[in-house]
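Have a look at the structure below before the remarks.
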Amino acid sequence: MRHQTSYLLVVISITIFLSLPGCSITGWTTKDIPDGSDIGKGNAVTITTKAGKIMTGQYIGVQDIPIPDYAISYNETISQSILNKLLPQYGENIQITTKIAENKVWEGQFISFDLEHIRIMLKGKSEPAELYISGLTTLSKIGEKRVQMMQFRRLFENGDIPLRSAVVLKNGNDDLKIPINEIQNITSGSIDVARILSSLRR
């Protein structure tokens with residue numbers, strides 16, 4: 001499980017680092033990728049998923065999976081695991097509390113999780129709200145037991161929560177979108193970013 005956590009942190013660090021050069025990593029990611037990693041847009045990348053699938057292509061960037069596709073994939077993943085007891089289905093009413101306003105309960109329909117945010121449609125609003133995942137203190141389906149911050153954080157960092165954010169690779173005429181939580185390892189040429197990060201953590 002520690003290896004999976006390290007690999008997820010690697011991928012998150014890579015994607016944010018590539019998307020925002022010169023900016024520090026935010027949220028629960030704690031390590032930056034070394035400046036000499038030389039992984040950038042257009043580089044040849046190989047991704048190994050947790051299911052053992054290997055995909056190669058040119059790194060394009062990080063994109064959100066379209067909501068209709070995400071909703072189907074997310075609901076299928078949640079319904080087939082014990083997460084169904086903890087996390088909401090797409091469109092289900094939820095309540096969350098945050099560090100910023102500890103006494104305020106946000107209630108609305110769940111839309112998505114991504115690298116940084118949980119998106120919900122608050123009551124009476126026409127546009128979804130984005131709340132930082134790292135700021136959550138509790139999350140619960142209406143009338144169900146609350147998931148506390150540390151339990152949710154473990155699920156997030158272990159890659160158990162289906163994310164809308166995906167790494168995009170160009171392979172021939174196809175764009176491959178691999179949800180970040182499904183990635184176990186990512187390498188570019190002879191650079192094994194997971195190994196680099198592992199050595200930094202010693």
Side-chain angles (χ1 to χ4, degrees), residues 1-19 25-31 33 37 39-41 43-90 110-119 133-134 136 139 147 151-172 174-189 191-198:
M1 186 167 288
R2 289 184 62 188
H3 291 300
Q4 291 180 346
T5 301
S6 296
Y7 290 139
L8 180 63
L9 292 175
V10 168
V11 176
I12 292 174
S13 298
I14 290 171
T15 53
I16 299 178
F17 180 80
L18 292 175
S19 301
I25 307 299
T26 59
W28 288 333
T29 304
T30 57
K31 290 287 184 180
I33 295 300
S37 64
I39 298 179
K41 188 172 181 179
N43 285 167
V45 168
T46 299
I47 288 178
T48 304
T49 69
K50 293 178 182 177
K53 188 174 182 180
I54 298 175
M55 288 168 279
T56 61
Q58 287 186 316
Y59 177 82
I60 300 300
V62 180
Q63 296 178 9
D64 284 342
I65 298 170
I67 280 292
D69 297 336
Y70 174 77
I72 293 171
S73 175
Y74 175 90
N75 281 350
E76 286 179 352
T77 301
I78 295 300
S79 63
Q80 295 172 8
S81 74
I82 61 172
L83 293 177
N84 192 42
K85 297 180 180 180
L86 301 175
L87 300 178
Q89 292 280 319
Y90 173 80
F110 167 73
I111 296 176
S112 67
F113 294 112
D114 63 28
L115 278 176
E116 293 186 326
H117 305 100
I118 177 173
R119 287 182 172 86
I133 285 178
S134 58
L136 291 182
L139 180 151
V147 178
Q151 183 181 14
F152 182 86
R153 179 171 179 167
R154 284 194 298 270
L155 293 172
F156 180 85
E157 291 184 340
N158 289 340
D160 296 326
I161 297 176
L163 300 179
R164 191 179 173 199
S165 305
V167 171
V168 182
L169 302 182
K170 172 70 80 175
N171 186 306
D174 298 324
D175 285 349
L176 308 176
K177 292 187 177 183
I178 308 100
I180 287 175
N181 60 288
E182 295 181 7
I183 296 174
Q184 179 167 330
N185 197 8
I186 181 168
T187 58
S188 178
I191 302 296
D192 186 329
V193 186
R195 180 172 52 76
I196 293 172
L197 184 65
S198 177

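The shown structure was predicted, so the numbers you read here are calculated from the model rather than taken from an experiment. No hydrogens, no waters, no symmetry mates; every other heavy atom, side chains included, goes into these values.
Inter-residue side-chain proximity for I118 and S112 is flagged as unmet; no heavy-atom pair is nearer than 4.5 Å. Proximity of R164 to I67: side-chain heavy atoms (C-beta onward) are separated by under 4.5 Å at one or more points. Counting heavy atoms from C-beta outward, L87 and D160 have side chains that stay 4.5 Å or more apart. Proximity of Q89 to N84: side-chain heavy atoms (C-beta onward) are separated by under 4.5 Å at one or more points. No side-chain heavy atom of S73 sits under 4.5 Å from any side-chain heavy atom of Y90. Using a 4.5 Å cut-off on side-chain heavy atoms (C-beta onward), E182 and K50 make no contact. By the 4.5 Å heavy-atom criterion applied to side chains, M55 and I178 are counted as neighbours. Inter-residue side-chain proximity for K177 and D69 is flagged as unmet; no heavy-atom pair is nearer than 4.5 Å.
Distance check, rounded to the nearest 0.5 Å: CD1 of I161 to CG of L155 gives 5.0 Å. Atom CD1 in I133 sits 9.5 Å away from atom CZ in R119 (nearest 0.5 Å). Rounding to the nearest 0.5 Å gives a distance of 11.5 Å between CD1 of I72 and CD1 of I65.
Taking the six-membered ring where tryptophan is involved, the planes of F152 and F113 are tilted, since the angle between them lies from 30° to 60°.
Of all heavy-atom pairs between Q151 and L86, the closest is NE2-CD1, 3.7 Å.
Side-chain atoms of S79 come within 3.5 Å of backbone N or O of N75 as a donor-acceptor pair. Judged by distance alone, with hydrogens and angles left aside, the side-chain atoms of Y70 form a donor-acceptor pair with the main-chain N or O of P162 at under 3.5 Å. N181 places no side-chain N or O within 3.5 Å of a backbone atom of F156 that could act as its donor or acceptor partner. With hydrogens and angles ignored, the 3.5 Å screen pairs a side-chain donor or acceptor of D114 with a backbone N or O of H117.
Other residues, nucleotides and ligands contribute more than 12 heavy atoms inside 6.0 Å of the NZ atom of K170.
Of the options I180, L169, V45, T46, a side-chain contact (heavy atoms from CB on, under 4.5 Å) to I186 is made by V45 and by none of the others.
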